[in-house]
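The figures that follow rest on heavy atoms only: side chains count, while hydrogens, waters and symmetry mates do not. Numbered from 1 within each chain, the chains take letters A, B, ... in sequence-line order.
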There are 2 protein chains.
Amino acid sequence: MSEPQQSKKPCVDAVDRVLIAAEDLFATCGYDAVSISAIAERANVSKANIFHHFQSKRSLYISVLKAAANHSTMLLMGLEETQSGYADRLTMLANGHLTNYLNHPNKSKLLMREILEHTSDAEIRVLQDDFGRNFARVTSLIEKAQTDGEIRQDLDAAIVAVAILATNIFYIRTREQMQESSKISFADDSDLYSTQMMDLLLNGMLSR
Amino acid sequence: MSEPQQSKKPCVDAVDRVLIAAEDLFATCGYDAVSISAIAERANVSKANIFHHFQSKRSLYISVLKAAANHSTMLLMGLEETQSGYADRLTMLANGHLTNYLNHPNKSKLLMREILEHTSDAEIRVLQDDFGRNFARVTSLIEKAQTDGEIRQDLDAAIVAVAILATNIFYIRTREQMQESSKISFADDSDLYSTQMMDLLLNGMLSR
DNA sequence: GTCTATACAGGGATAGAC
DNA sequence: GTCTATCCCTGTATAGAC
């Protein structure tokens, strides 16, 4: 239907360029350390133009966050219907969670910052609730596995969920530091990390 | 030797009041969101006075960070000499790590932020190196446990260390959110959390 | 050591032409 | 929709009196 864009150099329209620049800068430097001027410069637009499209700096930030959230939210869907055993499903879940984040480092940095920080802003509470719902979904998957007897029934399902998510998040956030200090075999091999960690979580670390 | 201080209301000298105020504000709001004026107001001194004692905002921040690091660093010491089995030692380690952070939320927030973020600042790299050394110490404790046969030898010791630290850090950072969403039994009982998590890590989650 | 006053840069946001 | 120019405020930092 629409004509092919007459490729100007940017080739995406201004709003998108602003959103991309903002995502990048906010993710790297944090909200307060980024100025509208910096975003404008990187997006090749004027400051005033940004304020034309977004009511305020904060609302631009919220837009960026929402885009990131939409992108990451529906990862878990479809997992409930898989046929394989629960251990496999949990492994797939952990792996999917991890690679999604590694593939979109900016979006994940932004979301994590807001989820781990305790904000009073209503718009952001929504994101935290999103996360809470996803967490609950993981928990209930684990509960099913317990009913089926595949997972120990004396464990709190939430503890298991925390273990899976926590280790993933830690890995993502500290990967770069680990790479520097060498000696850590899984630092630049997320599959290796994932395999070993799930082995530990599933089977424990004590010798038998 | 020294005379008892003639208790003025503050009862600590200006520099300390500034450091305390700064720690509190930086921990809660982050570096960029805190202004010298805000610190001055809370500490009951003038802006200029802060700049008299600290060369710049950044150097004040570094001072606060260093104080926090000194306080938290030598937690692990003495653990190598304990007599009990490795499983107990690791449990004590995890527990100590956790309660230390819960008892000093501001210091831990500040340190975590800087450790998890990838900074280029040389002064801050020092803190990250500190953390790296502590991490290495935990790892080598685990390696000893493997040599003794108490812990599975097919596991990478670093994976075990990551699992312990990651779950603790996640717990600390998300405790408040968990408390809101109820249904999470260990949200306001860190001992319960610690016990259950170590049970999971030591024994795994699969039924047998 | 502590203050008041001030310099000066950069921030967010608006006005108005094109 | 996009720009240039501008407003006003707040931020860090300094000067100089006490």
Side-chain angles (χ1 to χ4, degrees), chain A residues 2-3 5-65 67 110 119-121 123-124, chain B residues 2-65 110 119-121 123-124:
Chain A
S2 59
E3 292 295 323
Q5 267 187 295
Q6 221 179 344
S7 71
K8 252 176 58 187
K9 203 183 69 220
C11 142
V12 278
D13 64 346
V15 180
D16 288 337
R17 292 204 312 277
V18 169
L19 283 170
I20 293 170
E23 178 184 287
D24 203 6
L25 289 171
F26 283 140
T28 328
C29 314
Y31 180 78
D32 294 292
V34 172
S35 71
I36 297 288
S37 325
I39 298 173
E41 192 174 349
R42 171 171 308 207
N44 267 308
V45 295
S46 67
K47 278 204 282 183
N49 195 1
I50 294 187
F51 284 106
H52 175 73
H53 292 291
F54 301 92
Q55 215 185 357
S56 65
K57 181 185 178 184
R58 181 121 206 118
S59 91
L60 166 57
Y61 183 62
I62 302 278
S63 301
V64 171
L65 277 184
L110 286 167
T119 319
S120 46
D121 188 307
E123 304 250 38
I124 288 179
Chain B
S2 59
E3 293 295 323
Q5 268 187 294
Q6 225 182 339
S7 72
K8 249 176 60 186
K9 201 182 71 220
C11 140
V12 279
D13 64 345
V15 180
D16 287 338
R17 292 203 314 275
V18 169
L19 283 170
I20 292 170
E23 178 184 286
D24 203 6
L25 289 170
F26 282 140
T28 326
C29 314
Y31 180 78
D32 294 292
V34 172
S35 72
I36 297 288
S37 323
I39 299 173
E41 193 174 351
R42 172 170 307 208
N44 267 307
V45 296
S46 69
K47 282 201 278 183
N49 194 359
I50 294 186
F51 284 106
H52 174 73
H53 292 290
F54 301 91
Q55 215 184 359
S56 66
K57 180 186 178 183
R58 181 123 207 113
S59 92
L60 167 57
Y61 184 62
I62 302 278
S63 300
V64 171
L65 277 184
L110 285 167
T119 318
S120 45
D121 188 307
E123 305 249 40
I124 287 179

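By the 6.0 Å and 45° rule, A:Lys57 stacks over the aromatic ring of A:Tyr31.
The structure places OG of A:Ser35 at 11.0 Å from CG of B:Asp32, a figure rounded to the nearest 0.5 Å. Separating the CD1 atom in B:Ile50 from the CG atom in B:Leu19 is a distance of 9.5 Å, to the nearest 0.5 Å.
The aromatic rings of A:Phe26 and A:Tyr61 lie perpendicular to each other, with more than 60° between the two planes, well past the 30° mark.
As rounded to whole Å, 14 Å separates atom C1' of C:dG1 from atom CG of B:Asp16. Between A:Ile50 atom CD1 and D:dT4 atom P the separation is 13 Å, expressed in whole Å. Taking atom CD1 on A:Ile39 and atom P on C:dG10, their separation rounds to 17 Å, with Å as the unit. Nucleotide D:dT2 holds its P atom 18 Å from the CD atom of A:Glu41, rounded to whole Å.
Contact of the B:Arg42 side chain with the B:Ile20 side chain is not registered, since no non-hydrogen atoms from C-beta on lie closer than 4.5 Å. The closest side-chain heavy-atom distance from B:Val18 to B:Asn49 is not below 4.5 Å. The shortest side-chain heavy-atom distance between A:Asp13 and A:Asp16 falls under the 4.5 Å cut-off. Inter-residue side-chain proximity for B:Leu60 and B:Ile39 is flagged as met; some heavy-atom pair is nearer than 4.5 Å.
The phosphate of C:dG1 has neither OP1 nor OP2 within less than 4.0 Å of any side-chain N or O from B:Asn49.
Inter-axis angle, ends of the helix from C:dG1-D:dC18 to C:dC18-D:dG1, five pairs per end, rounded to 10 degrees: 0°.
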Between the protein and nucleotides 12-16 of chain D, list the N/O to N/O atom pairs that are separated by less than 3.5 angstrom.
from: D:dT12; atom 1: OP1; to: B:Lys57; atom 2: NZ; distance (Å): 3.0
from: D:dT12; atom 1: OP2; to: B:Ile36; atom 2: N; distance (Å): 2.8
from: D:dA13; atom 1: OP2; to: B:Lys57; atom 2: N; distance (Å): 2.8

